[in-house]
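Working notes, beginning with the structure itself.
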Amino acid sequence: QQQVKQSPQSLIVQKGGISIINCAYENTAFDYFPWYQQFPGKGPALLIAIRPDVSEKKEGRFTISFNKSAKQFSLHIMDSQPGDSATYFCAASRGLTGGGNKLTFGTGTQLKVEL
Amino acid sequence: KAGVTQTPRYLIKTRGQQVTLSCSPISGHRSVSWYQQTPGQGLQFLFEYFSETQRNKGNFPGRFSGRQFSNSRSEMNVSTLELGDSALYLCASSLDRGQGAFFGQGTRLTVV
């Protein structure tokens with residue numbers, strides 16, 4: 001059972017534009033929602049994370065928006081750059097409620113930022 | 001601070017053999033998790049160890065096992081390798097539950 005649904009599968013954005021990736025989850029026990037960036041041949045790198053008591057978190061050009069009632073969260077990349085071209089994964093865990101650090105990942109979004 | 005180190009980076013094994021992969025977490029991190037990444041199934045959780053005890057286990061057959069040592073270093077073992085075990089195996093370390101998980105570069109296992 002896929003517990004975290006991610007869309008779109010791929011995304012092409014012009015340099016300077018806004019990239020938006022969406023995720024929806026089913027398990028209301030999830031309490032930690034990170035986003036990862038992965039370049040070819042590398043492991044995923046933690047970008048930014050949010051907990052459900054906050055509706056938005058911003059770090060530099062990256063913003064997570066969280067809608068607890070809709071069970072959805074999204075990643076916004078402002079002023080997208082060619083160097084942002086990578087695969088992005090959303091994830092969820094219930095670490096604070098005893099689930100440890102087991103991450104359930106979305107299926108990934110391949111982002112390409114064109115000049 | 002050194003990141004998560006996985007060895008070896010690449011491995012080619014024959015069907016039926018067994019393999020052991022190693023992971024050294026970030027200094028001070030006591031939680032180590034393992035994931036399998038394939039194009040078809042994406043990133044799937046294998047298991048998590050914390051203070052030498054398995055805290056979580058994913059839905060993989062018993063051929064996949066792991067352990068953690070007192071210095072938090074971890075190993076995973078896959079016995080009786082199958083062609084479908086070909087994947088990128090990733091290790092992630094965290095301070096504790098609900099904290100950020102930091103991944104290594106992975107071990108690319110190819111089973112022929």
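Per chain, numbering begins at 1; letters A, B, ... match sequence-line order. Below, each value reflects all heavy atoms present in this structure, side chains not excepted, and no hydrogens, waters or symmetry copies. No experiment lies behind these values; they were computed from the predicted model shown.
Grouping the Ile, Leu, Val, Met, Phe, Trp and Tyr side chains by contacts below 4.5 angstrom, directly or via other members, places L81(B) with F47(B). By the criterion of side-chain heavy atoms lying less than 4.5 angstrom apart, applied directly or through intervening Ile, Leu, Val, Met, Phe, Trp or Tyr residues, V4(A) is grouped together with W35(A) in one hydrophobic cluster. V113(A) and I20(A) fall into different hydrophobic clusters, where Ile, Leu, Val, Met, Phe, Trp and Tyr residues are linked whenever their side-chain heavy atoms come under 4.5 Å apart, directly or through other members. No path of Ile, Leu, Val, Met, Phe, Trp and Tyr side chains, each step under 4.5 Å between heavy atoms, connects L109(B) with F45(B), placing them in separate hydrophobic clusters. No continuous path of ILVMFWY side-chain contacts below 4.5 Å connects I50(A) to L95(B), so the two sit in separate hydrophobic clusters.
The shortest heavy-atom contact between Q38(A) and L88(B) is NE2-CD2, 4.2 Å. Here the closest non-hydrogen pair linking G100(B) and L46(A) is CA-CD2, 3.8 Å. Scanning both residues, N101(A) and N56(B), for their nearest heavy atoms gives N-ND2, 4.1 Å.
More than 12 heavy atoms of other residues, nucleotides or ligands lie within 6.0 Å of CD in E59(A), so this atom counts as buried by the packing criterion. Few gaps surround NZ on K57(B); more than 12 heavy atoms of other groups in view lie less than 6.0 Å from it. For N59(B), the CG atom counts as loosely surrounded, since its 6.0 Å shell holds 12 or fewer non-hydrogen atoms of other residues, nucleotides or ligands. When the shell of 6.0 Å around CD of Q110(A) is examined, it contains 12 or fewer heavy atoms from other residues, nucleotides or ligands.
You'll find the ring centres of F103(B) and Y36(A) inside the 6.0 Å limit.
Listed in order of number, the residues of residues 14-42 of chain B that approach chain A to under 4.5 Å between heavy atoms are S31(B), S33(B), Y35(B), Q37(B). Residues of residues 60-76 of chain A placed with any heavy atom under 4.5 Å of a heavy atom in chain B are absent; none qualify.
At a 4.5 Å heavy-atom cutoff, P34(A) makes no contact with chain B through either its backbone or its side chain. Looking at R9(B), the atoms closer than 4.5 Å to chain A (heavy atoms on both sides) all sit in the side chain, from C-beta outward.
Judged by distance alone, with hydrogens and angles left aside, the side-chain atoms of Q105(B) form no donor-acceptor pair with the main-chain N or O of G43(A) at under 3.5 Å.
Within the model, atoms CD of Q44(B) and CG of L103(A) stand 13.5 Å from one another, a figure rounded to the nearest 0.5 Å.
Annotation: side chain of F89(A) is in contact with side chain of L43(B) (closest heavy-atom distance under 4.5 Å).
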